[in-house]
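Structure, as structure tokens:
Chain letters run A, B, ... following the sequence lines, proteins first and then strands; every chain starts at 1.
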2 protein chains.
Amino acid sequence: MSLRHAVLGLLARRPSTGYELARMFDLSLRSAWHAKHSQIYPELAKLEELGWAEVVSRGPRGSKTYALTDAGHSELRRWLVEVPPDRGQRNEGAVRLFLGQLLGPEDRRAVFERDVAYVEQEEAELRALRDDLDPDEPFAAQVDLGLRINAVLLEWLREQASRD
Amino acid sequence: MSLRHAVLGLLARRPSTGYELARMFDLSLRSAWHAKHSQIYPELAKLEELGWAEVVSRGPRGSKTYALTDAGHSELRRWLVEVPPDRGQRNEGAVRLFLGQLLGPEDRRAVFERDVAYVEQEEAELRALRDDLDPDEPFAAQVDLGLRINAVLLEWLREQASRD
DNA sequence: GTTGACATGTAACAAGTTACATGATTGA
DNA sequence: TCAATCATGTAACTTGTTACATGTCAAC
């Protein structure tokens, strides 16, 4: 598991409300994790119970801003450094590529073309994002990796789509 | 969801027992999906109930070989072609890269070096796999994509590890 | 005869999604 | 005042994991 540590990580970047976290999962982390508020709020409660986060302020609409405690920071560090990553997770896209080979030529081409369109759009979004970013911001390196992987994927998909 | 369609896809490649499917999830699909036998067996029962698969033979140790029915084949095709892929799934590796930027220089380097070692090992495995494969086999294209993505990732990780 | 791979299943639990439910504040 | 966005929560359900439980067959 690890919604716990994803939340811990986002709180380390900046103290936030559950609502803000839900938006970050939709925006910054969108392609890496998607968590619903219905899971986030209970998780924040649990983080508080564990002593890893605490409410540091309350806003106008009943909002509660959470921040990491010292214990929370060291737990996050421990997880990042000491816990071996769980490789080999579900990846529907990869399964589809794998199974796409079973389709007849027409269906296969349609599927690859759909994927090409998607990756092209993502590329445009990443480019726009990168152009908005200070290149020294650590996050810029991430976006750059995304662009490089997209480029490789796009080339491969085009080769596949034009095969026969 | 979609263990259902992953199983359907594997059965389309060749009729198999639950045990064999569990091994395929561990081996061929290992980096894309990991399903336990405790989930596979109930899923096979459900596929049979839906009329998408059926037992085509029984082996010595109580083994049951399942194969797709016509309805199963058309459901698989429908899913691959008509159901839009669920992009944006959990990806612990990406979250870790994202959060790794929060670490101090020493921890960060250690983490990136661990990742470099992992990707290097995976690269070696993929290379060995590719050398075993007939280059015309559709699966070879998949392996090739894996190698290209690995190469990009490795380069990026090395840049990050040697940054500062 | 005993170890290891083959082979299937269930039960209890953890994690994640969908749907339900409510209310406050801001801006048009 | 009405709509959109901010904001939080719970309940029911689905999916996935871990642990338990059992039995067969082949090779040594």
TODO: Assign the ring pair W52(B) / H5(B) to parallel, tilted or perpendicular, where the plane angle (0 to 90°) is split at 30° and 60°.
DONE: tilted
Open item on the list: Main chain of K36(A), side chain of Q39(A): is a donor-acceptor contact present, judged purely on distance under 3.5 Å?
Closed with: no
TODO: Looking only at side-chain atoms of R61(B), point me to the closest of dC6(C), dT15(D), dT17(C).
DONE: dC6(C)
- [ ] Measure from the side chain of R23(A), starting at C-beta and using heavy atoms only, and say which of dC6(D), dT8(D), dT17(C) lies closest.
- [x] dC6(D)
- [ ] Whole angstrom is fine here: how far is it from NZ in K36(B) over to P in dG9(C)?
- [x] 19 Å
- [ ] Kindly check if the number of other-residue, nucleotide or ligand heavy atoms within 6.0 Å of CD (E82(A)) is above 12?
- [x] yes
Open item on the list: Quick check: on DNA chain D, is the nucleotide nearest A35(B) upstream (toward 5') of the one nearest H37(A), or the reverse? Name the residue that is more 5'.
Closed with: H37(A)
Task: Out of dG16(D), dT10(C), dT8(D), whichever nucleotide has its closest atom nearest the side chain of K64(A) - done: dT8(D)
- [ ] Round to the nearest Å and state the distance from D26(A) atom CG to dC6(D) atom C1'.
- [x] 14 Å
Open item on the list: Assuming nearest nucleotide by heavy-atom distance, tell me which of K46(A) and P60(A) is located more 5' along DNA chain C.
Closed with: K46(A)
Task: Whole-Å gap separating C1' (dA15(C)) and NE2 (H5(A)) - done: 15 Å
Task: d(CG, L47(B); C1', dT15(D)) in whole Å - done: 15 Å
TODO: Give a yes/no answer on whether the side chain of Q39(A) brings an N or O atom under 4.0 Å of OP1 or OP2 in dT17(C).
DONE: yes
Task: Protein-nucleotide distance (R4(B), atom CZ; dG16(D), atom C1'), rounded to Å - done: 14 Å
Task: Candidate pair K64(B) and Y41(B), rule side-chain contact (heavy atoms from CB on, under 4.5 Å), full reasoning - done: CA-CA 10 Å; K64(B) 292 184 283 182; Y41(B) 290 117; over 6 Å; no
Open item on the list: Looking at E92(A) and R87(B), is there a salt bridge between them, counting it only when a charged N and a carboxylate O are closer than 4.0 Å?
Closed with: no
Open item on the list: Near DNA chain C, counting only heavy atoms under 4.0 Å, which residues of residues 10-21 of chain A show up?
Closed with: none
TODO: Rounded off to whole Å, could you give me the NE2-to-P distance for the H34(B) and dT18(D) pair?
DONE: 9 Å
Open item on the list: Less than 4.0 angstrom from a charged side-chain N to a carboxylate O is my criterion; do D131(A) and R127(A) meet it?
Closed with: no
Open item on the list: Under 3.5 Å, is there any donor-acceptor pair linking the side chain of S63(B) to the base of dT24(D)?
Closed with: no
Open item on the list: Quick check for you: among dG16(D), dA11(C), dT8(C), whose closest atom lies nearest to any side-chain atom of S38(B)?
Closed with: dA11(C)
- [ ] Please state whether the phosphate of dT8(D), meaning OP1 or OP2, lies under 4.0 angstrom from any side-chain nitrogen or oxygen of Y41(A).
- [x] yes
Task: T65(A) side chain to P15(A) backbone, donor-acceptor under 3.5 Å - done: no
